[in-house]
Protein chains: 2
Amino acid sequence: GAGTDGDLYISQAVVFIEDAIQYRSINHRVDLNSLWLYRWYYSRIWQWILSLTITIILALAFIEKPSSLTVTSDVRYRLPAWNPPCGLTESIELLCFLVFMVDVSVKSYLIGWEEFWKNKWLMAYILTLIVSLTDWIVSLSFFCAEVVRIRRILRPFFLLQNSSMMKKTLKSINSTLPEMASVVLLLAVHLSLFTMFAMLLFARTKDGQQDKEWLVYFRNLPDSLTSLLVLLTTANNPDVMIPAYSKNRAYSIFFILFTVLGNLFLMNLLTAIIYNQFRGYLLKSVQSSLFRRRLGIRAAFEVLSSLKEAPANAQQSYVSIGALLQVLQKVEMDSRCKQAIVRSLKTYSCDQLSAAQFQKLFEELDKNGIKQHPPSPEYQSHFMQKMQFAFGHPYFGYLGNVVALANIISICVVLVMDADKRPSERDDFFLGAINCFFILYYLLEMLLKILAMGLKRYLSYPSNRFDGLLTVILLALEIATFAVYGFPHPGWRPEVMGLLSLWDMVRLVNMLIVFRFLRIIPNMKFMSLVVTTLLDLVKNLRAFAGILVVVFYAFAITGIMLFKGAVVPPGNTRPPFILREPICFKEKCDFMVLFGYLQDNIIYCLLYLLSVNLLCRWAKIYFVAWWLISSVIWVNLFVALLLENFIHKWDRRCHREPVSDIEYQRTVELMFRDVLEEPTEEELMEKLQQHPHLQLCR
Amino acid sequence: GAGTDGDLYISQAVVFIEDAIQYRSINHRVDLNSLWLYRWYYSRIWQWILSLTITIILALAFIEKPSSLTVTSDVRYRLPAWNPPCGLTESIELLCFLVFMVDVSVKSYLIGWEEFWKNKWLMAYILTLIVSLTDWIVSLSFFCAEVVRIRRILRPFFLLQNSSMMKKTLKSINSTLPEMASVVLLLAVHLSLFTMFAMLLFARTKDGQQDKEWLVYFRNLPDSLTSLLVLLTTANNPDVMIPAYSKNRAYSIFFILFTVLGNLFLMNLLTAIIYNQFRGYLLKSVQSSLFRRRLGIRAAFEVLSSLKEAPANAQQSYVSIGALLQVLQKVEMDSRCKQAIVRSLKTYSCDQLSAAQFQKLFEELDKNGIKQHPPSPEYQSHFMQKMQFAFGHPYFGYLGNVVALANIISICVVLVMDADKRPSERDDFFLGAINCFFILYYLLEMLLKILAMGLKRYLSYPSNRFDGLLTVILLALEIATFAVYGFPHPGWRPEVMGLLSLWDMVRLVNMLIVFRFLRIIPNMKFMSLVVTTLLDLVKNLRAFAGILVVVFYAFAITGIMLFKGAVVPPGNTRPPFILREPICFKEKCDFMVLFGYLQDNIIYCLLYLLSVNLLCRWAKIYFVAWWLISSVIWVNLFVALLLENFIHKWDRRCHREPVSDIEYQRTVELMFRDVLEEPTEEELMEKLQQHPHLQLCR
């Protein structure tokens, strides 16, 4: 009947508008029950449960058996890590799997059977779940004593598939792979040709004393290859060339050629390729988000327009304002935005909205970037007005910066003077007294600013929030110090009382003061440009960071599985080197596997492993792969994004002057506002026609 | 009279056209004598003398006293370097100074008095000459025993001022400095804040065993600053964090934050800034070259048009073809180009050329990019035609590549098998025999190709020239081997005879074969793209390389002066470290100062110097400055240019398909052909009106 149809259309419109707000695809089932399920699936609660589950399953690695997460990493001092009983982590895992199974079934149901077969991510999701469950059963049947746990390497997949941004980014990276592979191939050719050259150049001579170079670096093919590969990372430069160079200076030409060609040309070529590929990446992704938003709004318009009993052959379709108001009531969205839409709806005299008007109404959604600071309070008294003028003036802020700088300098002076003193000789009086004075000034500054600006306006500036919070913490610490240790006086050196010693308290206060000094950043034009660029970058990098976490996790788990116990063998064939460095080495690799973050750790470990010749070839391949992915590719991706962001920002800097009281929220959407293209009506309608579940009347 | 005027105008036109060809400025004196002097100054001979003089004066450093240029760099083995008698290098220097004095006077005269006062480069040139001469006199009056030679540091200036490209590049770099300075300031703030944090975090504790971190890296302010500065270059990573990390894993957060902020963000920001600044650099420079060319042609047109006795009030000025032919006879230019211009002149029926026609004639100059290969010979005999088809076919080239690959593999196999054998155990028969076979094949290939293509066409391909040259050298080497050592047979291991042992001969042959393998590059599409990009880059980088040489030279001379004798002191306060590493250390610094080419050498030396605490603070400043300039700024400049070049190339790759028989010469001008803007008539005329010496009639 018309009533049920009306309900259905209204629900559809609600969901489509919500899709538009969240930039979601509208290609899902649109019958009443599915719509209810869909809204439930994307409700905050279910998404929160899902994220929590992913976090838990990833965090399991920190308490599972071969983990070494203890406070100290020194194997001599550290306590044995806590070993959870068999079945504990396994039952947590089962719970997580159950959540994922619900997730995958709802998702598959919602996109429909036909779409399901085209969606490789969903298939992979199901496959991963099946493999994980099988592995889990095997694990339990061995009472947790099985050798390999495949499901651990698969865990990061759950993180990957849950984020559409990450999937998109992965697709982009994937399309760059052929070109990257070409450069890597070039690198390989470069490496192998130079290896052959090196083996011919530094061959064993009859005079045994002269061939140090051959002995250490170019003894055979794998050694030579490794030496030059490590030289490519500059980790063994210039050691590798010293023996040859000291024999004949001309040998350095070989190494210089190799490094210039490999490091300067080929490695930077990789940067160029990745930058070239990712130049339009951000713009394209923002463009497709815009398309999804317009499509969602248009779909809502279309279903609402079929609600009316207007003649089907009318030239243009219309939506009644009443229906839209009904829909708006049910839509979950930012209340400020909703009010703005309702307000502008009331200005329309006619009851009918055309498609263009309908789109225009929802452009309010794009406008959420401008934020007005609340006004300052208006004082009646003349004295208060003068106070307000004085302490609301930027110069008062600058004075605060100068005082903070003075504080920093005083701390620095004390540090330099106390640098070589033993803790028992240190006199904490001076530092205690000046810090006390400075913190009182900070408190005064905060109060005066609140007086001048009013609490609301004060808190609306992020720099003030940062400032105020640190001031309050500093004050609390100072009060606690005085409460425990009394007021400072010369020769003030009390014993440890309570949780922290006086020295620790003072150190903490000082660190917070150094941290507070960062408030000067917004006052320096170039610095604030850089900092905002970096903040933007962090936002845009979330997807990349996610992928990095996935790769790190997989590598760490593989590493733990591969090198479990192999790193510190009890008895070994080559004792001298092992005996000298076992603990240190264990530490470093351990460190790298869990927290490794830049290429150097890897290279360090690689060097150790190779010189010790401890592990098989697989270790080499593992580390080279790690170096390529974590350092070469990821760092280049980062540079590409930074270039993109920064150049865009830099170009725009000249165009607009920041309006004093209006603060732009830095979203990517706003950054590209000027260059985005609105999708045309035809594109939207064509896309709507292709919707797998929605049959439009027209 | 009219005759003299006519001569003057013709000479002016000749010089202006030559200016246009060489992209030179036309702002010089234009009377007859000056023109003669100008042509003489820019003649090949004088420019060649000037370059030679600059080379000689720069090369003097290699034979002057504190130089250590010997074959081996090992102080234990090397002979004392040759010490030229006092007065030898000095008289060579004087000769060079005389040449420079002639150069600067001619240059100053030619641009005219007014322009001279505006030209800071010329003033600096004169000043440098005066200082150098004064220093030279001081030097001679001390009989070469003076302490400091200032003129040596000034020498690279002569190189700098002689190249307009380098001056332009320096101006570009100069305009980027403020922004670079901002980032460097940010880096300094970052460094100092983190240093304070570190000193507070890793302060000396009461428990002496626990503060390894404090003891080694953060003992006082300079130590802490240095530790973190070196961490910024990643040279002491992860050593610096190991003591703290082994105490508590949480300390690694500090180091990770520092490295991510400093290395990943701020350092790459520098890349972004430099790239942003240099994005338009190439285009701008090509654009201004184009403007100079058009301006020169236009100026020639204007002076030639005042030659005619046409009514002065005619609407448009014309040039007679006869006058132009007269000018063309005297102009020094590419003969092919000249012929093309004369040929198209003859197609004009009217005797008068308008300005547009005149410009059009000289567009031939821009077209020198297309090169036609000579045709293959046409054989009469059917058999020869078949031969020609077979051996001219690309597949024959591919077969050659496959054979070269097989040769490489065979060498590789022998190398792997012989890797651990002592020289006396080695049997050279196998390698000798297969190399003999392969070289015969290469000879055959070359001959057949010449047969199929004809010698001229064969030599017109650079890949064939490369191939043929190597084949001839290989053949000569092989014949020499057989002549000296006889034909190979099993157990073929003769004694050393003549200059090289058999083993050395075989090694040389093998190296050449490996080198010859590079002929596969043009056959692989992506590789050839990369290689052509690199070649372009090398062309565009000449100016940068020149500046780098200037900086290197200045740094090397300063370093030699600063650390002369200071590096290996006979008795020292801290013997253990010095005793262990003095020779090695001396070598490394020595190496760095003369040939240092990447940051790592610097860091290596810096680390040594700092840990030894041998030299004063000045050494630290010297090395940090060196690191900033050579590694950070120059490498980033390089990356910026590479990005620019590569992205441009990459974008164009899709547009044009290479025509098989026509080869484009890769000049920057051609690369930007599509985006260059032709200067308008008004711009040209305005510039001509501003000419300081030329009074145009109109």
Side-chain angles (χ1 to χ4, degrees), chain A residues 71-74 182 186 193 196-197 199-200 203-206 219-221 234 237-238 242 245-249 252 256 259 264-265 268-269 271-272 275-276 411-412 415-416 419-420 422-423 507 510-511 514 526-527 530 534 587-588 591 595 597-598 600-601 604 638-639 642-643 646-647 650, chain B residues 71-74 182 186 193 196-197 199-200 203-206 219-221 234 237-238 242 245-249 252 256 259 264-265 268-269 271-272 275-276 411-412 415-416 419-420 422-423 507 510-511 514 526-527 530 534 587-588 591 595 597-598 600-601 604 638-639 642-643 646-647 650:
Chain A
V71 173
T72 166
S73 70
D74 196 327
S182 313
L186 262 187
L193 284 188
M196 290 195 62
F197 255 124
M199 286 184 74
L200 287 165
R204 195 172 192 175
T205 52
K206 283 184 185 162
R219 205 185 174 91
N220 47 41
L221 193 70
T234 75
N237 181 21
I242 290 304
Y245 178 72
S246 80
K247 200 162 134 197
N248 189 329
R249 280 176 204 265
S252 64
I256 290 175
T259 319
L264 223 52
F265 279 90
N268 286 330
L269 203 61
T271 313
Y275 173 63
N276 197 35
I411 293 175
C412 202
L415 275 179
V416 169
D420 262 328
R422 238 169 289 149
R507 280 206 297 167
N510 285 342
M511 279 188 232
V514 172
F526 181 79
M527 262 200 190
V530 165
L534 296 192
E587 250 162 42
K588 272 167 195 161
F591 172 76
F595 290 102
Y597 63 101
L598 274 179
D600 298 281
N601 300 317
Y604 211 101
F638 183 88
V639 173
L642 192 133
L643 280 173
F646 186 78
I647 286 171
W650 198 262
Chain B
V71 173
T72 165
S73 70
D74 197 325
S182 313
L186 263 187
L193 285 186
M196 292 197 61
F197 254 125
M199 287 184 72
L200 288 164
R204 195 172 192 175
T205 51
K206 282 183 185 165
R219 204 183 174 92
N220 48 42
L221 193 68
T234 73
N237 180 23
I242 290 301
Y245 178 73
S246 80
K247 200 162 131 194
N248 189 329
R249 280 177 203 264
S252 64
I256 290 175
T259 318
L264 222 54
F265 279 91
N268 286 331
L269 203 61
T271 314
Y275 173 64
N276 197 35
I411 294 176
C412 203
L415 275 177
V416 169
D420 263 326
R422 238 169 291 152
R507 279 206 297 168
N510 285 342
M511 278 187 230
V514 172
F526 181 79
M527 262 201 192
V530 165
L534 295 191
E587 250 164 42
K588 272 168 193 162
F591 172 75
F595 291 101
Y597 64 102
L598 274 180
D600 299 280
N601 300 317
Y604 210 102
F638 183 87
V639 173
L642 192 132
L643 280 173
F646 185 77
I647 285 171
W650 199 262

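Chain naming here is simple, since letters A, B, ... match the order of the sequence lines and numbering starts at 1 in each. Heavy atoms only: backbone and side chains are in, while hydrogens, waters and symmetry mates are out.
Scanning all heavy atoms of the two residues, the minimum distance from B:I411 to A:M196 falls at CG2-CE, 3.6 Å. In terms of heavy-atom proximity, B:L642 sits nearest to A:N268 at CD2-O, 3.6 Å.
Ranked by heavy-atom pairs under 4.5 Å with chain A, the list B:V639, B:V416, B:L269 is led by B:L269.
Under the ring-ring contact (aromatic ring centres under 6.0 Å, His included) criterion, A:F638 pairs with A:W634, B:F265, not counting sequence neighbours.
Under the 4.5 Å side-chain criterion, counting only non-hydrogen atoms from C-beta, A:L415 is not in contact with B:L221. A 4.5 Å side-chain heavy-atom check between A:L643 and B:L643 finds at least one atom pair inside the cut-off.
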